[in-house]
Every structure is written in C-alpha cells, then in structure tokens.
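What follows is a set of notes on a single structure, which appears directly below.
Keep in mind that what you see is a predicted model, and the values were worked out from it rather than measured. In what follows, chains carry the letters A, B, and so on, assigned in the order in which the sequence lines appear, proteins first and then strands, with residues in each chain numbered from 1.
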Amino acid sequence: MSELYVGYLKTPAAHMRVIRVIVPLLAIGFAMLAAVVAGSMREPGEAVWNTGASQQWTGRLIDDPYPMLLTDAGETLLIVEISKVGAHERLRLLAGQRVTLEGFPLERDGRKMIELLTGDAAFVVTDGVAGEGFAHAERRTDVDVVGEIVDGKCFFGAMKPGDGKGHKACAVLCIRGGLPPMVRTRDLTGEWVYPLLLVDGSSVLPEEVLDLVAEPVRIEGTLGRIGDLWVLECDGACVRPYPD
Amino acid sequence: MSVAYQAVQWNRHKKVYDLCAGGALLVFIVAFVAVGVLLHPAPGEVAVPILVMRALGVCALVLLHVILAIGPLHRLDARFAPLLYNRRHLGVLFFFVCLLHAFIAIGFYGGFGVQNPLIALLGGYGSETLTGIPFELFGFGALAIFFLMASTSHDFFTRNLTPRWWKLLHSLVYVAYALIVAHVVFGVLQTEKSLLLPTLIGVGVMGLTALHLAAGVRENSRSPAQGAADGWVEVGPASEIPEGRARVIGLENGDRVAVYRDGDTVRAITNVCPHQGGPLGEGAVVDGCVTCPWHGYQFNLEDGTSPPPYTERIPTYDVRTDAGVVFVKADANEPGTPTQGVTIERGGAL
C-alpha cells in the first residue's frame, strides 16, 4: 500500500510521480483549451467605430421619427450621443435646420452613423437653404422579414460583437436610452440591410417588443425610405419570435 | 490543525500549489486573449473587454470542472491527494475569476446607460421565448453561492457553523454548477455557432457525473451497510486489516466506522473527520496518530482526541473479537471516549 500524502510532510514518491505528470498536462491542456475556444468564436463582423479624430457633416437635421442628418452628399445618417443615449434632447430645437455636426463615425456594411461630440461645439446652424430631401416612407411596400432587432450604435461598431443573446441586456438598455432600433436582415439579393424599426410610428419600442430584441424575429410591416435609409414600420403585434 | 485561527497556515506545498494554480490561470487568460486577437484582427475584432470577459468566463468554467473532479478522483485513486490538499485556495481563486467576469459584464453591458448597471443586466428584459430566458440571472445566482462558499471557506466557519452545516452549505456547489451550465446554455450557446462549446459542456457534465457515480459505487462496495447482531457489527478477520491502515464499514444508521490496526491493536473511530468531513478510514497511522488524508488532521486512536495542544475530538467505537473476527459496537461513544481495543498477535492472528 502506498504511503499517505500529508500536505505538511515530505511528499511520497508515488504522489510526486503523479504531480510531475498531472501538473504539466493540466498547464498544457489549459493553454490548448483556451486557444481552441478563443479560435472558435464567431466573427463579430466588420464594423468600425472611429474615435481617433472627429469629423464634420453638413445637411438638414430632422428629428422625427429619429434624429438624423440628410447630408449634402446625399446620405442619411442616424445620430446618437456618447454612451447609451439617443440624441433627441440636444437636437430637438434644431429640427428642420441646416446644420454642421461634429462627431465620430460608426460604420458597418457601408452604412454610417454619427456619434455626436459632447458640448455645444458639436453642432452649428449653417447658412443656406435646408434641402427638401425628406421623403418619409414614400412608396411604402408591405413586407414580411425575418431578422434580429439590434441597437444601431453597438451593432455599427461601438460593441463587438453587438448582436446576439450575449448582448441582449445591453441592446435593450441602449434602445431604452434612445438609441435607434434597427433590424438586421437580408434583402432579396442576399445583402445585409439594416432598416430603422418603428413600432406604432415610434423608435421607442414597447416592452413586448423589447423582450424580443437580440433574438430571431419575424416582422410584418411596411418598408419605406428616408433618403437612403430604409425604415420598417409595424405595430407591436406584428413582431413575433421566429420560428413561431 | 491549529490552536488559534490564522488567515492562512502556509507551508511549502500550499505555496507551490497556489503558484501552479495562479500560473495556469494566467496561461489560460493570456492564451485566450492572444489567440482571440490574432484570429480576429480589425476591423472584425472582438472588443478587448469582451475578450477578457469571455476568457475569464471560460477559465472559470474549466476551473469549476477541475475543482469538482478532484474529490471523486481522489476517492478513486489516493495519488490525487496533492490536488485535493489545497482545493480551498483553488475555490477562492475560482470565485475571484467569476467575480471579475461579472464585474466586466455588468460594467460593459449594463453600464453607460439610463439604468443602474446591475438592474440593467439582471432585470433589463423578460422572456418571451424559452431561448430568451435572462441567462444573466443564472450566473448571478451561482455567483452568490460561490461568494457564500468562498467567504466561509476558513476553518473558523467550519468550526462555528459546525461541520454538518458547513458541509451542507458547501454542497450547494452542485446547485451552482447546474446554474452555471444553464448560464452557458441560455447565454453564449444561443449565439455561438461552433459546436465546440456545447460539446465541451456535454463532455464536462457527463465526465463529472461519471466520476461521482464511480466514486459513489466504489465507496458503497467498499463498506456496504451492515446489520447489527446484538448491537455488534462484523468487520472481518483482523488479519485482513493492513498495518497502520483501516477497514471501513457502514452501519445501518448511515454512519461509517474506520476500524484501524496499529501494531498489535485494533481500535475503531468514526470515519468522518470533524474538519471538513474527510474519510479518516482512507488515512493512515502517522507518528502514532490516525491522519486524515485530506488535510492531515490527526487523532489518537485510544480516545479520538487530537494530540496536544490541539483540541478536536471524534467519536470512538468499542471493538471485540470472536474466533479471529473483529466486531464493532454499532453505538458510537461520545467524542473523546477512551477505548480498550483488542490485541492481536503479530501476523494478525488473535
């Protein structure tokens, strides 16, 4: 019978042999396991949140249904604040005016968003005529889409990954804070598109829809455009778990 | 063993153990983050806080499996005793890994918003679907149990909670393990497409279950419960008890008795160490005292008391012999009660 191992006495030879095998094996196993699991993580997607140097954009500001800038270059850029807060408060009084905004760009699959700088220097009312380029939901089309409701800011690069169940609590918090709810889905050509989601005409989602954020959902609604931004409108009952 | 409480009673083995555990933890985190950064370069990178949080989470999961495997492994093969000796420190280290994982999750996912970060993370959403169950709650429940365990891991609590309640409290680790599995299944497994994690979780759950079952079966086959005749239970021939070791028998009331042979004398004590419930019958006589295989607590065979200046006492049992066969009395003596034992001749014959 082997000797008894007692922690405060000299380790018996049989136990030392096991230690000499087990400890290195565990260390190597730990490192390999870490590497394999880290390597198996899914790609969060190519999204960029460029906080290195601020940029400026000029165009017409609208705040209904969500703060956005219709730029002179023809882009429709959603606007968010730093942190998990929407830009409604600061920009409400500027709605309809031609402004120059300063902030950091977020970009995913060619679609951009502006994270507004803090302080008054973030926006300047600019001379010139505000363009007409606001065509909210003209030529709406009935659609039935399958996708995931994401909070636009995280998904466009502020959090990586910014989708899926692991990010659900954050996404709900972000949308509650006024960040734009967007639907991650594919168009008929298979390309990813991210329409702004409006439920009962508002980007403030009701609780029953918030519960479905970051999960596969099916949405029956109407698709329209504001500039080059897709807008998906529906009522709360038309957002359902997918598959049913 | 101590006569006064100390934060940690360091010895060389504990220092080496802790260095190895800390080193393995560091290796795991560094390897995870390094591979995560290398395989997912910008602009498709995983955010560093999320990468570190995941590294800590996976590390905690692996550590928990190691911690839970050590017990049954040691029951199956005593050579794993060095892993068991300082398992408490491993448990406390594991708790801090979990805590850091939770801090990053609460700060990063729950922070910077319009709600209290903790409320945002734990009460931010309800469940419309089965897969939508807030997995964070499972993790928080497990963390609360791990906190209870880590904060009561010191011998002060073992003694003051009484070993029975302390053991019961620390058995909650299995509830916490189930919560952790649910945390993973309803969390990361809902998003990650790789089959690696579900496979690892499945192997881990099945492996731990198999180890515990094997250890339980072996324990029962070693010392099945025996009925008493006239208040005495048969142990077997004295010659079959190895020198300096014990034979363990089960009683009908669920207690186990360690029947020890020390030189020419056979005596019996409880099989349960009052420190952390270690199996005294799997220990040995060292320097004239029965020594627990878990943490080296020692007891005199004659009366079940620890050698001075220590003050622990354990129940003893009366023994007798009949035609070379040892019998033990089914009723335990009060802790610290001296017993006569029976004397056998050299070679085991009575």
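With chain A as the partner, the residue from Gly132(B), Ala24(B), Ala47(B), Ala284(B) showing the most heavy-atom pairs under 4.5 Å is Gly132(B). With respect to chain A, the highest number of heavy-atom pairs below 4.5 Å among Ala81(B), Ser127(B), Pro134(B), Gly187(B) belongs to Ala81(B). For chain A, the option among Ala105(B), Gly44(B), Ala31(B), Pro117(B) with the highest count of heavy-atom pairs below 4.5 Å is Gly44(B). By number of non-hydrogen pairs under 4.5 angstrom with chain B, the leading residue of Ser40(A), Gly162(A), Gly164(A) is Ser40(A). Ranked by non-hydrogen atom pairs under 4.5 Å with chain B, the options Met16(A), Arg17(A), Met159(A), His167(A) are led by Met159(A). Between chain A and the residues Asn11(B), Leu195(B), Val30(B), the most heavy-atom pairs under 4.5 angstrom are made by Asn11(B). Counting heavy-atom pairs closer than 4.5 Å to chain A, the top residue among Arg12(B), Gln115(B), Gln190(B) is Gln115(B). When the candidates Phe186(B), Phe112(B), Trp294(B) are compared by the number of heavy-atom contacts under 4.5 Å with chain A, Phe112(B) comes out ahead. Here Ala38(A) is the residue among Ala27(A), Ala38(A), Gly177(A) with the most heavy-atom pairs under 4.5 Å with chain B. Chain B forms more heavy-atom pairs under 4.5 Å with one residue of Gly29(A), Ala34(A), Cys174(A) than with any other, namely Ala34(A). Contact count versus chain B (heavy atoms, under 4.5 Å) is highest, among Val6(A), Val18(A), Ile82(A), Asp163(A), for Val18(A). Heavy-atom pairs under 4.5 Å with chain B were tallied for Leu179(A), Leu210(A), Leu33(A); the largest tally goes to Leu33(A).
Contacts of Val213(A) with chain B are absent, with no heavy-atom separation under 4.5 Å from either backbone or side chain. Of the atoms belonging to Val48(A), it is side-chain heavy atoms, and not backbone ones, that fall under 4.5 Å from chain B. For a residue to count as touching a neighbouring chain, one of its non-hydrogen atoms must lie under 4.5 Å from one of that chain's; by this rule Ala35(A) touches chain B with backbone and side chain alike. Proximity to chain A (any heavy atom under 4.5 Å) is shown, for Val46(B), by both the backbone and the side chain. For chain A, the nearby part of Leu200(B) is the side chain; its heavy atoms alone come within less than 4.5 Å. Contacts of Ala47(A) with chain B are made by backbone atoms alone, with heavy-atom separations under 4.5 Å and no side-chain atom involved. Heavy-atom distances place no part of Tyr17(B) under 4.5 Å from chain A, backbone and side chain included. Using a 4.5 Å cut-off between heavy atoms, Leu9(A) touches chain B through backbone and side chain atoms alike. Heavy atoms closer than 4.5 Å to chain A are found in the backbone of Ile133(B), but not in its side chain. Proximity to chain A (any heavy atom under 4.5 Å) is restricted, for Glu282(B), to the backbone atoms N, CA, C and O. Contacts of Val66(B) with chain A are made by side-chain atoms alone, with heavy-atom separations under 4.5 Å and no backbone atom involved. With a threshold of 4.5 angstrom between heavy atoms, Leu121(B) approaches chain A through its backbone and through its side chain. Neither the backbone nor the side chain of Leu84(B) comes within contact range of chain A; no heavy atoms are under 4.5 Å apart. The part of Leu83(B) that comes within reach of chain A is its side chain, from C-beta onward, which places non-hydrogen atoms under 4.5 angstrom from that chain.
Using a 4.0 Å cut-off between charged side-chain N and carboxylate O, Glu46(A) and Arg108(A) make no salt bridge. The existence of a salt bridge linking Asp155(B) and Arg88(B) is confirmed by a sub-4.0 Å separation between a basic side-chain nitrogen and an acidic carboxylate oxygen. A salt bridge links Asp228(A) with Arg111(A): the closest approach of a Lys/Arg side-chain nitrogen to an acidic carboxylate oxygen falls below 4.0 angstrom. Using a 4.0 Å cut-off between charged nitrogen and carboxylate oxygen, Arg54(B) and Glu192(B) count as a salt-bridge pair. Salt-bridge formation is detected for the pair Asp77(B)/Arg79(B): a Lys NZ or Arg NE/NH1/NH2 atom is positioned less than 4.0 Å from an Asp or Glu carboxylate oxygen. Taking a cutoff of 4.0 Å between a charged side-chain nitrogen and a carboxylate oxygen, Arg186(A) and Glu191(A) do not qualify as a salt bridge.
In summary, the side chains of Glu243(B) and Tyr260(B) do not present any donor paired with an acceptor at a separation below 3.5 Å, with no hydrogens or angles considered. Side chains of Ser202(A) and Asp200(A): no donor on one and acceptor on the other come within 3.5 Å.
Contact annotation: the side chain of Met68(A) approaches that of Leu229(A) to within less than 4.5 Å [non-hydrogen atoms, C-beta and beyond]. Side chains of Val80(A) and Pro180(A) form a contact here, defined as non-hydrogen atoms less than 4.5 Å apart. Val146(A) places none of its side-chain heavy atoms less than 4.5 Å from the side chain of Val217(A). Taking 4.5 Å as the limit, every side-chain heavy atom of Glu43(A) sits out of range of all side-chain heavy atoms of Pro161(A).
No more than 12 heavy-atom neighbours from other residues, nucleotides or ligands sit within 6.0 angstrom of CE on Met32(A).
Contacts classified as salt bridge (Lys or Arg N to Asp or Glu O under 4.0 Å) and involving residues 204-218 of chain A (residues at least two apart or in different chains) are given here: Asp144(A)-Arg218(A), Lys168(A)-Glu215(A), Arg176(A)-Glu207(A).
Ring geometry for Tyr5(A) against His15(A) counts as tilted: the plane angle lies between 30° and 60°, on a 0 to 90° scale.
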